[in-house]
Amino acid sequence: MKQLIQKLKETQTLTKKEWRTLIEHRTPELSEYLFSEARKVQKHYYGNRVYIRGLIEFTNFCKNDCFYCGIRKSNGHICRYRLTKEDILECCQIGYPLGFRTFVLQGGEDGFFTDEKIIDIVSSIKSNYPDCAITLSIGEKSYESYKAFFDVGADRFLLRHETYSAEHYGKLHPHTLYAKNRQQCLWDLKDIGYQVGTGFMVGSPYQTVENLVEDMLFLKALNPQMVGIGPFIPHHDTPFHNFPQGSLELTLFMLALIRLMLPKVLLPSTTALGTIAPNGRERGIMAGANVVMPNLSPNNVRKNYMLYDNKICTNSEAAEGIEQLKTQLQTIGYEISVSRGDSLN
Ligand code: SAH
């Protein structure tokens with residue numbers, strides 16, 4: 001098994017069968033070995049620097065009905081909100097002096113935010129903060145819309161593929177959504193010139209090892225600049241409320257495998273990872289991750305952007321808790337980098 005890890009490190013690829021063997025037969029000892037190899041690669045390319053991104057969750061309205069997601073259209077139990085352009089700019093104004101040089105605008109697929117409105121928001125941020133990168137995470141759009149956002153200054157786009165398998169995708173989403181469409185969006189984004197982030201949930205309902213293997217092969221083929229993965233966590237007001245959450249252990253294992261497969265990729269230690277274990281985010285860094293995305297949304301709306309139960313949004317997970325985050329990272333030998341943190345991949 002250690003030979004497989006060495007092979008992955010040296011060739012940055014494995015066969016389907018080898019991926020399956022590695023994931024199925026992992027042990028705690030093997031994981032520790034994998035994490036230390038992943039840290040070597042992480043340190044080789046990025047040193048002990050961890051990049052920060054300020055996450056602005058600007059709308060929780062969504063036209064989609066994904067079975068796992070707490071802000072799905074059919075959830076009538078949440079308080080819906082939208083931030084104005086002024087609210088969003090205020091988030092940036094708070095984030096900039098804290099050291100944020102990337103602002104991530106994430107939201108549900110909200111028709112209120114027409115292309116015109118997104119263009120206006122992106123242009124305003126760009127003219128106020130020319131030295132900052134803007135990341136959009138607003139779901140599936142047409143090639144033309146993506147292009148228009150890019151042309152006014154959007155630098156990066158996050159769109160997790162969620163799961164590569166069309167069959168598995170169909171078990172997580174209503175029939176109006178297709179795995180192929182989502183993947184096409186990612187190819188479009190790359191073609192336009194965005195730095196692209198994709199990813200998947202670990203331990204989502206009905207997920208098999210085969211699905212994870214296909215996710216790895218898809219990541220290899222797409223070769224994105226960033227990969228966001230985190231454990232599935234049930235939300236009480238969704239059809240998946242009774243499914244178990246994904247495990248910390250498997251999420252860390254997958255993070256480390258991704259670090260070896262795409263050595264220069266940006267790899268966030270996600271909020272979901274921090275939610276399922278008190279030191280989850282630090283453990284993600286120790287498994288090869290090198291990005292954290294503290295919450296810059298206004299305090300009064302954070303509780304309404306609940307993608308899953310108990311999502312953390314205070315203390316070191318909040319932008320204003322950056323000092324605490326620094327201390328936590330120092331404890332494990334890492335430091336925050338105040339820079340755009342563009343991908344080397
Ligand atoms: N509407 C945007 C943003 C989605 S929210 C888009 O379509 O990309 C960002 C990510 O949160 C999703 O891609 C999904 O992978 C994750 N997520 C949603 N619900 C979750 C849950 N219950 N547990 C864990 N992660 C979840």
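Numbering of ligands and ligand atoms starts at 1, following listing order. FYI, side chains are in, hydrogens and waters are out, and symmetry mates aren't considered; it's all heavy atoms of this structure.
- There is a path of hydrophobic side-chain contacts, each under 4.5 Å, that joins Ile229 to Leu34.
- Of the protein's non-hydrogen atoms, Ile233 O, 2.7 Å is the one closest to atom 22 (N) of ligand 1.
- Summarising the contacts of atom 24 (C) of ligand 1 with Ala272, Cys69, Pro231, the nearest heavy atom is found in Pro231.
- Phe232 has its ring centre no less than 6.0 Å from the ring centre of Tyr68.
- Taking the six-membered ring for Trp, Phe103 and Tyr96 have ring centres at least 6.0 Å apart.
- The atoms of ligand 1 that sit less than 4.0 Å from any heavy atom of Arg182 are 6 (C), 7 (O), 8 (O).
- Screening Trp187, Tyr194, Phe149 for a ring pair (Phe, Tyr, Trp, His ring centres under 6.0 Å) involving Phe157 leaves a single residue, Tyr194.
- Judged by the shortest distance from any of its heavy atoms, Gln106 lies inside the 4.0 Å radius around the atoms of ligand 1.
- Between Gly70, Gly107, Pro205, it is Gly107 that holds the heavy atom closest to atom 2 (C) of ligand 1.
- The single protein non-hydrogen atom nearest to atom 15 (O) of ligand 1 is Glu162 OE1, 2.7 Å, given as residue, atom name and distance.
- Checked for salt-bridge contact, Arg182 and Glu162 meet the test: a charged N lies under 4.0 Å from a carboxylate O.
- In this structure, Cys66 falls outside the shell of residues with a heavy atom less than 4.0 angstrom from ligand 1.
- Ion pairing between a basic and an acidic side chain is recognised when a charged N comes within 4.0 Å of a carboxylate O; Asp110 and Lys117 show no such pairing.
- When non-hydrogen atoms are compared, ligand 1 lies under 4.0 Å from neither the backbone nor the side chain of Glu140.
- Geometrically, ligand 1 and Tyr68 share a nitrogen or oxygen pair separated by less than 3.5 Å.
- The pair Arg156-Asp342 counts as a salt bridge, with a side-chain nitrogen and a carboxylate oxygen less than 4.0 angstrom apart.
- Between His173 and Tyr169, the two ring planes are parallel [angle under 30°; tilted spans 30° to 60°].
- Looking at atom 16 (C) of ligand 1, its nearest protein heavy atom turns out to be Arg160 NH1, 3.7 Å.
- Met201 SD, 4.1 Å is the protein heavy atom nearest to atom 17 (N) of ligand 1.
- Ranking protein heavy atoms by distance to atom 11 (O) of ligand 1, first place goes to Leu307 CD1, 3.6 Å.
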